[in-house]
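Down below is the structure, laid out as structure tokens.
Predicted, not measured: the structure shown is a model, and the values here were computed from it. Naming convention: chains lettered A, B, ... in sequence-line order (proteins, then strands); numbering from 1 in each chain.
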There are 2 protein chains.
Amino acid sequence: MSESRAMRADARRNRDAIVAAARDVFDRDEQLRFDDFAARAGVGVGTLYRHFPTREALAAAVYEGEVATLVEHARDPEHSAIENLDAVLRGFVEYLVGHAGLARTLAAVVDPAVQADGGVELEGTIGELLRQATADGAVRPGIDVGAIMIVLHGIGSATDRPDWASESRGAVELLLAGLRASRSPSASTGDR
Amino acid sequence: MSESRAMRADARRNRDAIVAAARDVFDRDEQLRFDDFAARAGVGVGTLYRHFPTREALAAAVYEGEVATLVEHARDPEHSAIENLDAVLRGFVEYLVGHAGLARTLAAVVDPAVQADGGVELEGTIGELLRQATADGAVRPGIDVGAIMIVLHGIGSATDRPDWASESRGAVELLLAGLRASRSPSASTGDR
DNA sequence: TTGACAAATGGAGACAGTCTCCATATTCTC
DNA sequence: GAGAATATGGAGACTGTCTCCATTTGTCAA
């Protein structure tokens with residue numbers, strides 16, 4: 001993103017090859033040894049490490065593009081904020097469901113501990129839609145983007161569940177319903 | 001749980017020592033080398049491995065007790081199913097928030113890939129409360145326990161988020177609100 | 001073009017955990 | 001108390017991660 005200075009041509013070429021190889025590996029959910037990523041991309045381990053010091057950094061690079069696509073049609077002015085929010089969240093899940101292999105890795109990107117531009121962008125977009133939808137009165141006030149991110153995080157990291165795909169869709173429905181619910185019913189029976 | 005045959009006294013003693021040490025380590029969120037768990041518990045690595053072949057198995061053992069406590073006051077006959085469900089879910093989050101270190105590891109237990117009795121029990125209990133609450137008409141029909149588990153999974157695995165505690169509480173509120181919402185508003189604008 | 005300098009490469013090998021194996025020690029049973 | 005059964009522990013094999021630097025490749029000014 002903010003490439004400080006021009007990158008040498010061979011460096012760029014290698015970087016791209018690595019990302020392409022990684023996308024492929026993640027997508028088919030191959031459990032590959034880090035060294036082998038390098039072999040797969042046709043570069044040496046050293047090169048791999050210089051470009052991407054950690055597995056997460058690599059994942060982040062892969063997702064940057066994907067997330068950009070997801071987020072892109074999120075500001076459709078034809079629709080209200082709540083409709084766009086709805087579309088982004090459903091779209092996100094459908095994307096993950098369609099790429100189960102990628103989902104596992106994505107958890108890292110949703111995680112802010114990893115400084116992934118993709119994750120920041122996703123959260124920013126959802127946050128803005130949420131703010132707008134709240135202002136419109138379509139979402140009950142007092143909801144934090146973080147709560148939504150946590151649900152997404154759950155979807156990304158629960159891929160081992162046998163019924164993961166449908167459960168994930170269910171989780172998003174639950175989330176959307178919760179956002180719109182007129183008021184927090186707060187049926188808490190006092191304390192216990 | 002289903003200890004097939006009596007365990008030799010020394011074996012039981014060691015097992016217990018290991019679990020106690022592990023609980024301690026997880027709770028203070030120390031990042032310990034697997035070998036060191038053994039040292040900490042005063043046993044050899046071999047012993048550790050015989051009792052707990054993987055890190056998850058160890059985590060599962062630690063949580064078995066904890067989850068039992070959580071689940072215990074979940075069938076309070078004084079309250080309706082939805083009230084008990086509410087209490088269990090909030091209780092679960094408060095427990096995790098109070099033991100952030102444990103939460104990270106807990107993610108493994110919520111995961112059914114790991115055959116952890118604690119996880120199975122938790123899911124079973126929540127499922128039953130959900131079923132009952134649905135029958136009572138307090139929860140809108142068609143909701144799958146799995147969707148709830150996914151949200152819990154998210155809470156357990158998002159501990160790196162700087163504002164994790166409050167976001168987790170927010171996620172549970174969202175979840176509870178979604179459960180009660182009268183109908184899935186389905187504001188989806190057709191397809192896109 | 002070409003020379004000179006900076007940047008990038010790759011893979012051998014150092015390193016750090018994980019896990020196995022089995023001679024020895026402990027517990028149990030009669 | 002003897003013998004059988006079970007458990008122990010830790011040395012060392014193994015597996016994957018990451019560093020380091022001699023060599024190669026690209027860039028640019030002349």
Taking the basic N atoms (NZ, or NE/NH1/NH2) and the acidic carboxylate oxygens, is any pair closer than 4.0 Å for [X] and [Y]?
{"X": "Asp86(A)", "Y": "Arg180(A)", "answer": "yes"}
{"X": "Arg33(A)", "Y": "Asp36(A)", "answer": "yes"}
{"X": "Glu173(A)", "Y": "Arg140(B)", "answer": "no"}

Hey, does the side chain of [X] come within less than 4.0 Å of [N]'s phosphate (OP1/OP2), counting only N and O?
{"X": "Arg55(B)", "N": "dT18(C)", "result": "yes"}
{"X": "Thr47(A)", "N": "dA8(C)", "result": "no"}
{"X": "His51(B)", "N": "dT8(D)", "result": "yes"}
{"X": "Asn14(B)", "N": "dA7(D)", "result": "no"}

Using whole Å, what does the distance between atom [atom2] of nucleotide [N] and atom [atom1] of [X] come to?
{"X": "Arg15(A)", "N": "dG10(C)", "atom1": "CZ", "atom2": "C1'", "value": "19 Å"}
{"X": "Arg13(A)", "N": "dT24(D)", "atom1": "CZ", "atom2": "P", "value": "17 Å"}
{"X": "Asp36(B)", "N": "dG10(D)", "atom1": "CG", "atom2": "P", "value": "13 Å"}
{"X": "Leu48(B)", "N": "dC19(C)", "atom1": "CG", "atom2": "P", "value": "10 Å"}
{"X": "Phe52(A)", "N": "dA8(C)", "atom1": "CZ", "atom2": "P", "value": "14 Å"}
{"X": "Tyr49(B)", "N": "dC19(C)", "atom1": "OH", "atom2": "P", "value": "4 Å"}
{"X": "Asp35(A)", "N": "dT17(D)", "atom1": "CG", "atom2": "P", "value": "6 Å"}
{"X": "Arg12(A)", "N": "dT27(D)", "atom1": "CZ", "atom2": "P", "value": "13 Å"}

Would you sort out whether Phe34(B) and Tyr49(B) count as a ring-ring contact (aromatic ring centres under 6.0 Å, His included), showing the intermediate values? CA-CA 9 Å; Phe34(B) 209 52; Tyr49(B) 274 96; 5.1 Å; yes

Shortest non-hydrogen separation from Gln132(B) to Ala81(B) and the atoms involved: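 It is CG-CB, 3.4 Å.
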
Shortest side-chain distance from Arg33(B), nucleotide among dG17(C), dC19(C), dG11(C):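 Closest of the options to the side chain of Arg33(B): dG17(C).
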
From dT27(D), dT18(C), dT17(D), nucleotide with atom closest to Ala9(A) side chain: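 My answer, after comparing the listed nucleotides, is dT27(D).
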
Would you mind telling me which residue lines up with the more 5' stretch of DNA chain D, Phe34(A) or Arg50(A), judged by nearest nucleotide?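 Result of the comparison: Phe34(A).
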
Return whichever of Val43(A) or Leu32(B) has its heavy-atom-nearest nucleotide of DNA chain C closer to the 5' end.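 Checking each residue's closest nucleotide, the 5'-ward one belongs to Val43(A).
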
Side chain of Arg8(A), base of dT27(D): donor and acceptor closer than 3.5 Å?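 No pair found.
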
